[in-house]
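Okay, structure first, notes after.
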Amino acid sequence: MKTTRIYAMLALLLMAGGVTMKAQELNEIFWSPDSWVYSMMFEDEHTFVANRTIVDQYSNVAEIQFVRMTDEGEELASQRLFSQEEYAEKVWMSPLQRLPDGGLALFYASRVDGIATFYRVDLNDDLSFTIIQLEWETDDYYDSDATFYPYNTGVVVNKDGSAIITYPPHSQYHLNGTEAMQFLKFDDKGHLVGQRLMEGYRGQDRHHTLPAPDSLGCRIILRSNGSPKLDCYTLDADLNTIAVKENVEELSWPYQCCRFAYLETNPANGKTY
């Protein structure tokens, strides 16, 4: 793989995101003009699994893959997830998520004839995978035809294998002129077990859906309509609000700069790549 060291870009990313690297070396990140890594999870001190986008000479998406690589850039294995034709129907794809059993999964939404359906992809050790259709469909969409733009859609996987997906339903804006956030909770089999609509929140701003420690719910950082500040809401397993922390600082997004910049810390050795 052709590699380029992009320390200058990373420095700009860190300053833009407000991240301070304290007593920690920033290691090489590998970049190729015909592919990029969207998200990754480390397996051990030097090996990670990533979902990778392959592009053609015109920068059009040609294929989405799972890939296992070393931090030296050696490719160990790969498996196609979506072809170009299959990817054309995808309107959202999450970063890789860690499951309670240590396995990996990602979530995506695919739209056909104006209807979007959610799916979960469970990844096996050999990079083969199983796709589970989640029990939810929606015809919400944006004028830009980007139904679930990555910055506006979040997912949290809980310790029991359940998953919470959040997104702003555009229909609410057309109905009452305000934005809202939709919360959907699925069990580990893909069945819908909880749902909540939080009205009056600016979901089309960049927001953050986060795990809630020792909880089967989630935390979410949102901006209320007409408010300049961001507040953090903690929801329980039934998606009820149990705590609000006002005026929190916005957290840096792990891939907010551009598609070629991504930061990940390896828990096995403490290094950031």
Side-chain angles (χ1 to χ4, degrees), residues 38-39 51 64 66 81-82 85-124 128-142 145-175 179-199 201 203-204 207-212 215-220 222 233-242:
Y38 177 58
S39 68
N51 55 322
I64 303 293
F66 289 121
L81 174 59
F82 301 129
E85 294 76 15
E86 293 167 330
Y87 183 73
E89 297 179 343
K90 306 302 178 285
V91 290
W92 167 66
M93 187 170 63
S94 79
L96 284 167
Q97 305 291 310
R98 181 74 67 184
L99 299 174
D101 62 2
L104 298 178
L106 62 75
F107 296 76
Y108 71 89
S110 181
R111 186 168 71 225
V112 178
D113 296 329
I115 301 296
T117 304
F118 289 102
Y119 298 85
R120 190 181 88 186
V121 182
D122 290 345
L123 186 61
N124 301 316
S128 63
F129 54 85
T130 302
I131 298 179
I132 301 173
Q133 181 175 334
L134 305 184
E135 200 175 65
W136 180 258
E137 293 181 343
T138 178
D139 59 0
D140 278 308
Y141 61 91
Y142 297 144
D145 200 37
T147 309
F148 305 105
Y149 191 67
Y151 292 138
N152 291 337
T153 305
V155 62
V156 164
V157 176
N158 289 310
K159 59 186 178 183
D160 65 348
S162 63
I164 298 173
I165 294 177
T166 63
Y167 74 94
H170 196 46
S171 58
Q172 290 297 307
Y173 184 81
H174 290 296
L175 286 173
E179 296 182 40
M181 284 301 299
Q182 179 76 266
F183 292 78
L184 304 172
K185 184 174 182 179
F186 303 93
D187 65 16
D188 60 350
K189 305 298 183 183
H191 302 303
L192 185 69
V193 294
Q195 180 181 345
R196 180 184 177 185
L197 182 69
M198 288 179 63
E199 298 183 81
Y201 297 93
Q204 292 187 54
H207 67 271
H208 307 277
T209 305
L210 308 164
S215 171
L216 298 180
C218 68
R219 285 177 173 162
I220 189 165
L222 288 170
Y233 300 81
T234 301
L235 279 61
D236 64 13
D238 297 319
L239 303 181
N240 298 309
T241 300
I242 57 175

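Fair warning: this is a prediction, and the values are worked out from it, not measured in the lab.
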Criterion side chain to side chain contact (heavy atoms under 4.5 Å, CB included) on D236 and L216, from CA distance to verdict: CA-CA 6 Å; D236 64 13; L216 298 180; over 6 Å; no
Derivation and outcome, side chain to side chain contact (heavy atoms under 4.5 Å, CB included), residues Y167 and T138: CA-CA 11 Å; Y167 74 94; T138 178; 3.5 Å; yes
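- Between L134 and R120 there is a side-chain heavy-atom pair separated by less than 4.5 Å.
- In this structure, CG on L123 lies 9.5 Å from OG1 on T130, to the nearest 0.5 angstrom.
- The two residues N158 and P100 make their nearest non-hydrogen contact at O-CG, 3.3 Å.
- Between the CE atom of M198 and the CG atom of L239 there is a distance of 10.0 Å, given to the nearest 0.5 Å.
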Side chain to side chain contact (heavy atoms under 4.5 Å, CB included) between V157 and L99, worked out: CA-CA 7 Å; V157 176; L99 299 174; 4.0 Å; yes
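- Residues P169 and L197 share a closest heavy-atom pair of CG-CD1, 3.7 Å.
- The shortest side-chain heavy-atom distance between I64 and M93 falls under the 4.5 Å cut-off.
- Taking the six-membered ring for Trp and thresholds of 30 and 60 degrees, Y201 and Y233 have ring planes more than 60 degrees apart, a perpendicular arrangement.
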Evaluation steps, side chain to side chain contact (heavy atoms under 4.5 Å, CB included), between F66 and L104: CA-CA 11 Å; F66 289 121; L104 298 178; over 6 Å; no
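- Side-chain contact between Y108 and V91: absent, with no pair of heavy atoms (C-beta onward) separated by less than 4.5 Å.
- Aromatic ring orientation, W92 versus F118: perpendicular (interplanar angle above 60°, classes split at 30° and 60°).
- Without hydrogens or angle criteria, K185 side chain to A237 main chain gives a donor-acceptor distance under 3.5 Å.
- I132 places a side-chain heavy atom less than 4.5 Å from the side chain of D122.
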Side chain to side chain donor-acceptor pair (under 3.5 Å) assessment of S110 paired with T117: CA-CA 5 Å; S110 181; T117 304; over 6 Å; no
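- Looking only at distances, no side-chain donor or acceptor of D238 sits under 3.5 Å from a matching main-chain atom of N240.
- Looking at every heavy atom in both residues, P95 comes nearest to S39 through CA-OG, 3.3 Å.
- Note: C218 SG to L235 CG = 5.0 Å, rounded to the nearest 0.5 Å.
- Considering only heavy atoms from C-beta on, V112 comes within 4.5 Å of E89 through its side chain.
- A pairwise comparison of heavy atoms in L222 and M181 identifies CD2-CG, 3.5 Å as the closest pair.
- A 4.5 Å side-chain heavy-atom check between L81 and N51 finds every atom pair outside the cut-off.
- Here the closest heavy-atom approach between residue F186 and residue I165 is recorded as CE1-CD1, 4.0 Å.
- T209 and G154 get closest at one heavy-atom pair: OG1-CA, 3.9 Å.
- Atom-to-atom distance recorded for I220:CD1 and T234:OG1 is 11.0 Å, nearest 0.5 angstrom.
- Checked by atom type and distance alone, the side chain of S94 pairs as donor or acceptor with a backbone atom of F107 at under 3.5 Å.
- Counting only heavy atoms from C-beta outward, the side chains of T241 and R196 approach each other to under 4.5 Å.
- Annotation: side chain of D160 is not in contact with side chain of D188 (no heavy-atom distance under 4.5 Å).
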